[in-house]
Number of protein chains: 2
Amino acid sequence: MSPSPARITAVHTYDIRFPTSRELDGSDAMNPDPDYSAAYVVLSTDAADGHEGHGFTFTIGRGNDVQVAAIDALRNHVLGRPVDEVCDDPGSVYRDLIGDSQLRWLGPEKGVMHMAIGAVVNAVWDLAARRAGKPLWQLLADAEPEWIVRQIDFRYLTDALTPEEALAILQQGREGAGERRARLLDRGFPAYTTSAGWLGYDDEKLTRLAAQAVADGFQQIKLKVGADLDDDIRRCRVARQVVGPDIRMAIDANQRWNVDEAIRWTKALAEFDPYWIEEPTSPDDILGHAAIRRAVAPIKVATGEHVQNRIVFKQLLQAGAIDIVQIDAARVAGVNENLAVLLLAAKFGVPVCPHAGGVGLCELVQHLSMFDYLAVSGTAEDRVIEYVDHLHDHFRDPVVIREGHYAAPTAPGFSAALRPQSVAEYTYPGGTFWAADPETQKGQAA
Amino acid sequence: MSPSPARITAVHTYDIRFPTSRELDGSDAMNPDPDYSAAYVVLSTDAADGHEGHGFTFTIGRGNDVQVAAIDALRNHVLGRPVDEVCDDPGSVYRDLIGDSQLRWLGPEKGVMHMAIGAVVNAVWDLAARRAGKPLWQLLADAEPEWIVRQIDFRYLTDALTPEEALAILQQGREGAGERRARLLDRGFPAYTTSAGWLGYDDEKLTRLAAQAVADGFQQIKLKVGADLDDDIRRCRVARQVVGPDIRMAIDANQRWNVDEAIRWTKALAEFDPYWIEEPTSPDDILGHAAIRRAVAPIKVATGEHVQNRIVFKQLLQAGAIDIVQIDAARVAGVNENLAVLLLAAKFGVPVCPHAGGVGLCELVQHLSMFDYLAVSGTAEDRVIEYVDHLHDHFRDPVVIREGHYAAPTAPGFSAALRPQSVAEYTYPGGTFWAADPETQKGQAA
């Protein structure tokens with residue numbers, strides 16, 4: 001009799017909150033006082049190797065408990081699954097989770113429930129990569145194109161991208177992949193930095209951090225805008241003077257505007273040569289983005305960090321609404337759905353420049369951009385990953401930035417594991433930090 | 001010293017689940033075994049009148065606990081508010097809830113968190129109408145147009161509908177309102193029935209229920225389709241033969257298809273003269289609906305029960321993607337957001353035929369259609385409210401259907417209150433029904 005296969009034996013969830021609102025890190029026109037948080041999930045198995053799978057949803061404070069409850073609601077879909085089956089085909093978990101007809105009613109495929117699915121699916125990929133002994137980018141880049149295609153749910157996509165087209169893109173992507181891998185390992189993947197541009201920073205801090213960004217080798221910075229036009233004009237002028245004409249300067253309104261307002265405001269900042277305007281309006285407004293893009297060209301339009309799923313990305317591309325696809329590693333239903341978005345972007349010839357920052361989003365999304373470079377788009381031209389210098393110390397395998405580039409991760413997995421001490425300290429409300437801080441705890445409770 | 005004003009003193013939440021999956025009531029191509037459920041909220045006050053406000057999110061079983069957790073996360077936004085202020089301006093609560101920058105991250109304005117906001121906002125309207133001693137439809141119809149306009153958040157709408165345009169529509173809507181009110185009280189508002197057409201019913205039951213629908217005075221029925229084309233052809237033939245050529249017959253695919261599939265399948269059923277095809281594809285696919293509508297005309301395209309917010313409705317109208325706007329009373333953020341959708345529909349000249357059924361959706365949405373008739377569109381032509389004969393007995397003020405019409409509710413409020421005995425019986429998992437049924441309980445737990 002053969003021994004019973006190793007199975008997933010536990011789905012641990014944690015409500016992790018960092019008190020970032022105290023420094024106005026992360027402040028923008030819509031989010032004045034975020035407490036960067038993660039609804040964190042760890043999959044345990046009874047395999048002899050002892051590997052775990054780690055994933056999370058990023059939130060900005062209140063509601064992180066709702067996100068944890070949503071992950072808990074998925075527990076019975078994952079518990080008891082054979083580890084080999086799950087790791088050989090993470091898509092089987094993804095399909096099962098998005099296919100639960102009762103849970104589907106809570107979306108479908110959007111918001112709290114969908115992000116919870118993303119956390120679990122990403123944890124499965126983390127486990128799969130650890131067991132394979134590879135960083136996730138490499139596991140994906142080494143996979144057969146046919147296998148990658150099977151990881152994707154083409155429902156609602158085939159009017160824009162068929163499985164056959166996706167396969168052709170991936171087969172094409174094999175050309176020159178070895179050379180690109182060597183370059184990636186040598187040089188890393190280009191980053192841009194948002195660390196200078198938070199709305200809560202004064203001009204002195206903006207000046208200092210913008211100069212530092214250039215000194216650190218970044219070729220692009222980003223400024224938050226949208227609260228007050230006069231302030232924005234002043235801050236853009238300051239930043240442009242500091243970085244000079246050759247550094248790209250993106251601006252980000254975090255959904256603050258109506259369509260006509262977005263057009264007026266962006267044009268009023270055109271003299272500072274912004275490279276892109278990010279989230280000018282609601283992430284749901286495909287036609288609105290298209291109208292804005294027509295009006296503000298040649299300034300590019302970027303969005304995606306709040307785009308709920310592949311179906312909205314599909315339409316943004318079909319409608320010619322954006323110049324830049326900003327995937328987020330933890331907003332959609334994890335790696336599988338992001339594979340679809342990378343392939344859609346390649347089909348439409350639109351560069352992918354991921355959203356990152358928050359808690360661990362840099363750690364995750366670097367793997368997807370590196371896969372895109374190696375196996376999908378085949379180029380890093382006009383591609384940059386957002387970089388924000390926050391909270392990396394809490395991760396076991398934090399990102400490494402060298403001369404404005406993300407170094408290719410070498411540790412097996414999806415870089416998603418928090419350090420045990422950080423979990424012990426920042427679990428809300430019982431962790432050592434929050435338990436010692438009743439005042440803050442009171443303010444946090446929604 | 002004046003006495004302190006009455007305040008909201010408690011926000012009670014309940015996880016209510018009905019075991020509907022046992023009869024295949026509500027079965028369709030995407031939802032084979034729903035357990036109709038409600039995340040139910042009751043606002044208590046310390047006012048002398050003793051009125052409460054009732055609201056809920058409708059779900060189909062698993063995940064109802066997540067929905068309850070989401071309502072709980074809103075508690076501190078509502079507790080302690082002066083009752084008069086809240087009832088004089090429910091929009092103040094709506095704006096506060098959608099404006100919480102940390103909770104907003106979990107949407108924005110979509111999915112679990114947004115539906116939770118809808119439950120609370122609807123409870124506020126229920127309370128306001130009870131205190132005013134009017135059914136909600138009447139409270140709305142009696143309100144000043146300027147006040148109605150102030151209840152709406154025009155962010156992300158002004159490229160399609162400005163406050164000035166909304167006001168003009170409402171002012172225009174006053175003409176003939178008295179006559180319409182007399183007709184409404186006399187005749188009610190037209191309904192159509194879905195009770196005959198669930199996918200899990202056999203031909204005998206379909207035949208019997210379709211004949212009954214005609215005998216009961218309904219001018220329109222609806223059939224679920226999308227699981228198997230041969231079955232659909234047979235069922236549509238049976239139903240058309242039973243109801244004859246003059247009864248409208250809608251079909252509903254519950255998001256089952258890709259765009260090209262939707263077009264082929266709908267055309268294959270064209271010989272049975274379907275009046276509309278409902279939810280042919282993803283509710284997020286604005287451009288997909290537009291393509292389907294162009295291809296299947298003159299069959300109409302309808303959607304809305306899963307449309308997440310006013311921004312997507314706006315685009316469906318801008319893109320000419322739908323012939324019928326199917327608002328749902330508990331999917332968006334409650335009455336306030338639905339006021340925006342009614343006015344958008346009126347601006348674009350598209351009729352509103354609400355989604356209903358589930359738990360209490362008929363009870364709620366009748367008020368919105370009656371307001372639309374009296375004060376916005378000013379007509380009931382080609383307008384029908386869905387009617388499903390499920391679970392009405394659990395409500396204190398259940399809908400009354402007469403000769404295929406919803407009778408105008410007369411009891412004060414939003415018809416949203418469950419009967420105390422139903423709450424005691426079907427609260428999950430501790431209610432008397434579930435506590436006595438451990439087998440089912442095990443199957444339910446997600």
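In what follows, chains carry the letters A, B, and so on, assigned in the order in which the sequence lines appear, proteins first and then strands, with residues in each chain numbered from 1.
For chain A, the nearby part of B:F154 is the backbone; its heavy atoms alone come within less than 4.5 Å. Contacts of A:A291 with chain B are absent, with no heavy-atom separation under 4.5 Å from either backbone or side chain. Heavy atoms closer than 4.5 Å to chain B are found in both the backbone and the side chain of A:L106. At a 4.5 Å heavy-atom cutoff, the contact between A:Q308 and chain B is made by side-chain atoms alone. Proximity to chain B (any heavy atom under 4.5 Å) is restricted, for A:P283, to the side chain, taken from C-beta onward. Residue contact with chain A, scored on non-hydrogen atoms closer than 4.5 Å, is absent for B:A262. Residue A:D285 touches chain B through both its backbone and its side chain, counting heavy-atom pairs closer than 4.5 Å.
Between A:I263 atom CD1 and B:D159 atom CG the span is 8.5 Å, to the nearest 0.5 Å. Interatomic distance, CG of B:D72 versus CG of A:D65, reported as 9.0 Å (0.5 Å rounding). The distance from atom CZ of B:R331 to atom CH2 of A:W105, rounded to the nearest 0.5 Å, is 6.0 Å.
Judged purely by atom type and a 3.5 angstrom limit, A:Y156 uses its side chain to pair as donor or acceptor with the backbone of B:Q255. With hydrogens and angles ignored, the 3.5 Å screen pairs a side-chain donor or acceptor of A:Q102 with a backbone N or O of B:D33. Checking side-chain atoms of A:N258 against main-chain N and O of B:R155 turns up no donor-acceptor pair under 3.5 Å. The closest donor-acceptor contact from the side chain of B:Q315 to the backbone of A:G288 lies at 3.5 Å or more, if one exists at all. In this structure, the side chain of A:Q318 does not engage the main chain of B:L287 through any donor-acceptor pair within 3.5 Å.
Looking at heavy atoms from C-beta onward, A:T158 lies out of side-chain contact with B:E261 at the 4.5 angstrom threshold.
Ranked by heavy-atom pairs shorter than 4.5 Å toward chain B, the options A:I311, A:V312, A:V259 are led by A:I311. Per-residue counts of heavy-atom pairs under 4.5 Å with chain A were compared for B:D260, B:I286, B:T281; the largest is that of B:I286. Most heavy-atom pairs under 4.5 Å with chain B, from the set A:G99, A:G111, A:S282, A:A69: that is A:S282.
Counting only residues at least two apart or on different chains, the salt bridge (charged side-chain N to carboxylate O under 4.0 Å, His left out) pairs with a member in residues 104-117 of chain B are A:D284-B:K110, B:R104-B:E109, B:E109-B:R310.
When every heavy atom of B:V66 is checked against every heavy atom of A:A73, the shortest pair comes out as CG2-CB, 3.7 Å.
With sequence neighbours left out, the salt bridge (charged side-chain N to carboxylate O under 4.0 Å, His left out) criterion links B:R81 to B:D96.
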